[in-house]
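To keep things clear, I will list the structure first and then write my remarks on it.
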Amino acid sequence: MNNLQTIRAALFDLDGVVCFTDHYHYLAWKEMADAQGWDFNETINHQLRGIPREASLEVILNHNGVTLDPQKKQELAHLKNERYKELLQQIDSDALYPGIVEFITALRERGVKIALGSSSKNAGAILDKLSLTVLFDAVVTGNDIEKPKPDPEIFLKGAELLGIHPFNCVVFEDAESGVEAGLQGGMKVVGVGTPATLPNAPTVVRDYQKDIDLDTLLQIGKPARISAHPWEVVEDTFVPGKAGYWESIFALSNGVLGLRGAIEENSPNATEQPGMFINGIYAFSSPKGYPNRPDGTPPKSQVMLNLCDWRPIDLFIGGEKVDVLSEHCSEHNRTLNMKTGILTRSFVWNGEEGAVRVTLRRLVSMTRRHNAAIELTLEALDRPLNVSIESRVFGKSITGQFGLDGTTLQNAEIDKDAATLQFKTLNSGLSYSASFSHSDSCSKNHAWTQNDADLCYQADLSLTPGTPYRLEKHAAFVSCMDEGDPAEDVRQASADGFETLAAEQTEYWRRVWEQCDVKIEGSVEDQQAIRYNIFQLHQNHPMDMQRSISATGVTGANYMGWIFWDTEMFMAPLFTYTAPERTRALLAFRYGQLDGARRIAKNLGRRGALWPWSTINGDESNADPYVSTAQYHIVADVAHALHRYWQATGDDDFLFAQGAEMLFETCRLIASIGCFVPNKGNRYCINTVCGPDEYNFPVNNNCYTNLMFKWQLEFAQSVLNRMAQHCPERLAELQKAIGLTEEETAEWKTIAEQMYVPTSETLGIYKQDDQYLDKYPVDMSTLPRNYEFKKDVYLLSLLQMQVSKQADVVQMLFTLSERFTPEQKKANYDFYEPRTTHASSLSPCVHGITAAEIGYTEEALNYWKQSVLMDLDDCKNNTSSGIHLACSGGAWMMLMFGFLGMRTEENRIQFSPRIPKEWDGIETSLIYQGTRFNIKVTPDQTDVTWTAGPALQIQIRDTQKNLSSSEKIFSLAH
Ligand code: BGC
């Protein structure tokens with residue numbers, strides 16, 4: 001089993017999954033019903049699937065309008081069961097689900113444990129009769145449980161008997177209640193049937209051989225991956241059980257506005273979490289737990305609000321309401337085109353009155369950052385039809401998190417071009433206005449109606465074949481953070497038309513891809529996935545200094561819209577080396593929160609400034625100080641991003657005007673949270689912290705934190721020197737403004753020199769912290785990978801375990817790469833990698849970079865897959881709550897720092913390419929110190945081509961060359 005294998009156990013329902021006993025149930029019930037003179041048929045029998053005997057009898061009694069006393073019911077149920085057992089004596093291999101024995105055998109050969117989870121109390125006997133018992137490692141039947149499906153008890157018991165964590169289990173089920181049980185148990189679920197019979201199943205199969213790719217099943221718990229296309233992401237069948245996943249995958253945004261990809265119909269059965277966000281608009285909720293934060297920061301959490309839902313458009317064709325789940329709907333397809341940033345949806349409605357092709361396109365405009373639009377086209381396919389359209393806006397904020405109601409309506413105004421709603425947030429003093437307008441090709445009559453914060457635009461039309469109908473729905477959102485009039489924005493967009501917005505969008509993306517496209521030859525899957533991650537990162541960048549990119553951007557409500565170190569450490573590098581002005585904006589956002597950071601430090605009784613660990617508005621939002629405030633390392637993470645940016649651009653203006661102030665203020669924090677400890681040889685120690693690994697806290701001397709701080713203090717020293725040389729007046733001005741003394745900066749130097757670094761001479765490695773090596777060893781095969789198991793373990797037990805949630809020492813090996821030898825990297829990686837669960841999506845990419853560097857090629861490729869496919873494969877079962885944007889940036893970093901071996905120095909950029917053997921080539925464009933160049937690596941050769949800017953030193957492996965307009969090409973055979 002390699003570390004890509006998520007699935008370690010498969011749990012099967014019996015009837016309709018392993019074999020068919022329906023017929024015998026049918027015969028037994030039928031005999032009983034006939035004897036009582038009741039009606040019973042195949043349709044009623046079908047309704048009894050997956051439900052216990054007593055409940056089945058109730059269904060039959062209800063159907064016949066009969067009431068019986070409990071004793072009689074028991075008697076009849078017993079009689080039926082006795083007869084059923086007799087009939088079962090006839091069961092033979094004809095009753096097996098075709099291919100099931102071969103399928104289970106193949107799973108077993110791959111080391112997967114097998115269990116049965118059947119409500120039938122006769123399940124054991126049936127397995128025996130079919131000679132299947134040997135294939136099952138555990139059998140749980142109706143005799144062993146108290147709560148029937150949909151309660152997860154039966155599957156959880158099966159997993160426990162197998163000794164496998166539910167996250168690593170896949171359930172095969174043919175009944176909705178069983179699907180629900182598997183999902184509630186936190187397992188992957190494959191429905192055996194069709195989307196129509198199992199609407200809640202995330203995936204369905206009918207044929208174990210044809211419909212399941214075993215490798216994929218074992219890797220991601222799904223029978224197949226989504227289809228691979230170089231520039232598109234396609235959903236070819238609508239499965240309600242996967243609605244939430246696609247809502248995140250198809251989330252469109254421009255960094256300011258975010259619209260989740262819920263379908264247009266106002267149908268709770270076909271949507272999971274529709275979402276409309278404005279980056280930066282939040283309300284407060286009281287955090288649970290830790291009410292008395294020791295640091296005195298406000299006990300209020302910021303929660304990004306899910307604002308008014310303007311997406312719904314309901315269609316009534318020939319009087320029938322269009323419903324994606326109806327059998328009248330076919331050819332349903334949604335395609336996200338990453339070249340244009342437009343999501344297209346189409347289907348055919350074949351209703352009682354005639355057929356219509358429905359096409360919808362939507363975009364969130366990258367060029368008009370207040371605007372978003374949906375275009376609807378209807379084409380009658382055979383005969384004329386009457387159509388009614390109800391286009392809605394649900395004004396109420398639907399955020400249920402922490403019981404918030406979100407917003408209150410302040411004003412509503414409807415005029416002939418636009419309807420405008422104004423809202424105030426409940427308790428955070430923020431506000432926003434949203435305007436909506438419709439324009440169409442030919443409706444007979446149309447009108448808005450308003451009910452409090454809800455609006456409905458109604459239009460009626462006659463549709464004739466050959467004359468398509470088009471409706472455009474425009475929306476504009478302007479919050480208190482922005483300037484402008486949304487009504488004017490929608491009027492303008494309406495006047496210009498969707499086609500114009502689409503053309504602007506396409507042109508915008510053409511320019512973005514010119515800057516940062518990555519071409520991977522040899523794997524369409526990898527090609528699609530890396531583009532998808534770059535697409536998401538770009539569209540979530542607000543290009544606005546008041547806002548940054550939160551952990552899931554504006555694609556979902558996970559992490560409440562909070563900004564973490566994710567932004568600077570994982571997302572920023574893509575921008576730094578392809579579109580550095582975007583990193584500048586992210587750093588400028590931090591600068592805007594410097595006063596808040598000063599306040600946090602002051603409240604803690606420290607000097608300088610401490611960035612909040614998780615925030616929207618600059619205050620700490622996380623209620624748990626041990627994994628938030630204690631992650632002091634965030635100050636060095638921001639400093640590191642500043643350094644990368646400055647090194648890559650030479651932007652002294654930013655460094656001197658804003659960067660230096662952030663840097664110096666946070667150095668003060670470093671100098672005020674530690675102490676020269678006599679017992680540690682008077683070295684500078686920093687106690688009671690949390691490093692990147694959130695399973696170990698509080699700890700003393702987290703190695704990552706200490707070495708990053710040492711690095712930061714040294715960087716600060718070099719900035720001081722540089723400023724003294726290049727702009728002494730600005731330095732003097734800054735020193736005066738923040739009261740920075742020479743004694744202080746001299747102290748920084750001493751601290752950097754005397755920083756305590758925990759190491760183990762015996763093991764020849766860095767210690768993650770003072771305590772890590774003393775912790776209890778853990779059998780890692782019992783822990784799920786890629787899964788947050790903190791909630792399953794008693795906290796005091798977790799803190800005893802020698803286990804890391806995510807890269808910590810390994811994070812340091814990458815971030816301070818130039819400070820370690822290859823041997824040190826290997827020794828430390830070998831020790832920490834096996835102890836890491838990667839419960840954080842930030843972890844695999846960082847491991848992958850070092851794995852590639854030390855020659856663990858296969859392991860590097862595994863980590864690459866886990867990073868680049870994190871959301872497309874839904875590796876963590878939580879993509880429905882939003883895209884893991886740090887992981888998206890991590891995938892790009894892995895490509896550059898891992899496979900291309902990119903490293904930077906002040907006057908040079910170097911590459912040590914080692915691309916996976918599965919690939920024929922990789923090519924991208926980068927910018928460094930104002931020089932744009934193209935790099936292409938094939939298995940045999942690396943070519944770097946200068947495209948613009950001044951001369952630049954490029955190093956490939958050990959050879960260097962100066963590239964410029966007169967010496968454009970540098971090729972090196974491998
Ligand atoms: C990780 C942090 C990360 C946060 C947001 C947590 O699970 O441990 O490192 O910053 O998620 O992505």
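Sequential numbering from 1 along the given sequence is applied to the chain's residues. When a ligand or atom number is given, it counts from 1 through the structure's own listing order. Side chains included, hydrogens not; waters and symmetry mates left out as well; all remaining heavy atoms used.
Note on Glu853 versus Arg903: salt bridge recorded, some NZ/NE/NH1/NH2 to OD/OE distance being below 4.0 Å. Between Asp619 and Arg599 there is a salt bridge, since a side-chain N of the basic residue sits under 4.0 Å from a carboxylate O of the acidic one.
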List the atom pairs, with distances to 0.1 Å, where a side-chain N or O of residues 886-897 and a protein N or O form a donor-acceptor pair under 3.5 Å, not counting sequence neighbours.
residue, atom, partner, partner atom, Å
Ser888, OG, Asn533, OD1, 2.9
Ser888, OG, His884, O, 3.3

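Partner of Tyr766 under the ring pair (Phe, Tyr, Trp, His ring centres under 6.0 Å) criterion, chosen from Tyr704, Tyr756, Phe820, Tyr829: Phe820.
A distance-only check finds no donor-acceptor pair linking the side chain of Asp873 to the backbone of Cys875 [under 3.5 Å].
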Between ligand 1 and the protein, find all N/O pairs closer than 3.5 Å and give the distance for each.
residue, atom, partner, partner atom, Å
ligand 1, 7 (O), Tyr559, OH, 3.1
ligand 1, 7 (O), Lys805, NZ, 2.8
ligand 1, 8 (O), Glu694, OE1, 3.2
ligand 1, 8 (O), Glu694, OE2, 3.4
ligand 1, 8 (O), Lys805, NZ, 3.0
ligand 1, 8 (O), Gln806, OE1, 2.6
ligand 1, 9 (O), Trp565, NE1, 3.0
ligand 1, 9 (O), Gln806, NE2, 3.0
ligand 1, 10 (O), Trp565, NE1, 2.9
ligand 1, 10 (O), Asp566, OD1, 2.6
ligand 1, 11 (O), Tyr559, OH, 2.9
ligand 1, 12 (O), Asp566, OD2, 2.5

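Under the 3.5 Å distance criterion, with hydrogens and angles disregarded, no donor-acceptor pair is assigned to the side chains of Gln219 and Thr6.
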